[in-house]
Amino acid sequence: QVQLVESGGGLVQAGGSLRLSCAVSGMIFSSNGMGWYRQAPGKQRELVAGIAGGALSITNYADSVQGRFTISRDNAKNTVYLQMNDLKPEDTAVYYCNAGGKIGWSSRFVYTPGDYWGQGTQVTVSS
């Protein structure tokens, strides 16, 4: 079965950086879109970033993280990353990896989630 294992969360001061990793098994990783979502207490889960499968690796970011976060993938390692720089207290949330999604076009590139989710990793940014 498909398994997603996230790592890299933790506590960091505002302005700091973290890198999240999500290792995927049980699926053809290279051809599938991947995404990162987050959920803060009392809020709905929201898309942070997505990356398409295939050769182009088109990306999509939430406006709130554009320019600070970078999603990337290593198809040889079946792993997707989220590099988070200049972290802010409002970035505090549980971050979830998603697999099997797609990136489509609707006035901008937008990642639509697939069926597979990781267990989540806590990111806490102190002020």
Would you list the atom pairs, donor with acceptor, under 3.5 Å between side chains in residues 28-35 and any protein atom, with sequence neighbours excluded?
unit_1 : atom_1 : unit_2 : atom_2 : d
Ser31  : OG     : Ile28  : O      : 3.4
Asn32  : ND2    : Ile28  : O      : 2.7

Seminar exercise, completed: In this structure, CD of Gln44 is separated from CZ of Arg38 (nearest 0.5 Å) by 14.0 Å
Exercise. What distance do Thr70 atom OG1 and Met84 atom CE have between them, rounded to the nearest 0.5 Å?
Worked result: 11.0 Å
For this session: Please test Gln122 against Thr124 for side-chain hydrogen bond (donor to acceptor under 3.5 Å, both in side chains), starting from the C-alpha separation and ending with a verdict.
Result: CA-CA 6 Å; Gln122 177 71 46; Thr124 302; 3.3 Å; yes
For this session: Treat each ILVMFWY residue as a node, draw an edge where side-chain heavy atoms are under 4.5 Å apart, and state whether Val80 and Leu47 are in one component.
Result: no
Exercise. Has Arg19 got its NZ or CZ under 6.0 Å from the middle of the six-membered ring of Tyr81, at an angle within 45 degrees of the ring axis?
Worked result: yes
Problem set entry | Over all atoms of both residues, closest heavy-atom pair of Glu6 and Thr121 | OE1-N, 4.0 Å
Exercise. How far does CD of Gln3 sit from OG of Ser25, to the nearest 0.5 angstrom?
Worked result: 4.5 Å
Problem set entry | Non-hydrogen atoms of Ala93 and Ala40 that approach each other most closely | CB-N, 3.8 Å
Problem set entry | Linked, directly or transitively: Tyr95 and Leu18 (ILVMFWY side chains, under 4.5 Å) | yes
Problem set entry | Minimum heavy-atom distance between Ser127 and Ala14, given as atom pair plus value | CA-CB, 4.4 Å
Exercise. Which residues satisfy the ring-ring contact (aromatic ring centres under 6.0 Å, His included) test with Tyr37, sequence neighbours excluded?
Worked result: Trp117
Exercise. So which heavy atom on Ile51 is nearest to which on Ser72, and how close?
Worked result: CD1-CA, 4.1 Å
For this session: Look at the side chain of Thr92 and the backbone N and O of Glu90, then say whether any donor-acceptor pair between them is shorter than 3.5 Å.
Result: no
Exercise. Cluster question for you: counting only ILVMFWY and a side-chain heavy-atom cut-off of under 4.5 Å, with indirect links fine, are Tyr116 and Ile103 together?
Worked result: no
Exercise. Same cluster or not: are Leu87 and Val65 linked, directly or through other Ile, Leu, Val, Met, Phe, Trp or Tyr residues, by side-chain heavy atoms under 4.5 angstrom apart?
Worked result: yes
Problem set entry | Least distance between heavy atoms, Gly53 atom then Arg73 atom | CA-NH1, 3.5 Å
For this session: Using modelled atom types only, decide if a donor and an acceptor are shared between the side chain of Asn60 and the backbone of Phe109 within a distance under 3.5 Å.
Result: yes
For this session: State yes or no: do Ile58 and Tyr111 share one hydrophobic cluster built from I, L, V, M, F, W and Y residues joined by side-chain heavy-atom distances below 4.5 Å, directly or via other members?
Result: yes
Exercise. Can you tell which of Asp91, Asp86, Asn85 makes a side chain to side chain donor-acceptor pair (under 3.5 Å) with Arg68?
Worked result: Asp91
Exercise. Within the distance-only criterion (no hydrogens, no angle test), does the side chain of Arg45 pair as donor or acceptor with the backbone N or O of Tyr96 below 3.5 angstrom?
Worked result: no
Problem set entry | Closest contact, heavy atoms only, Ile71 versus Trp36 | CD1-CD1, 3.7 Å
Exercise. Is Asn98 reaching over with its side chain to a backbone N or O of Gly114, donor-acceptor style, under 3.5 angstrom?
Worked result: yes
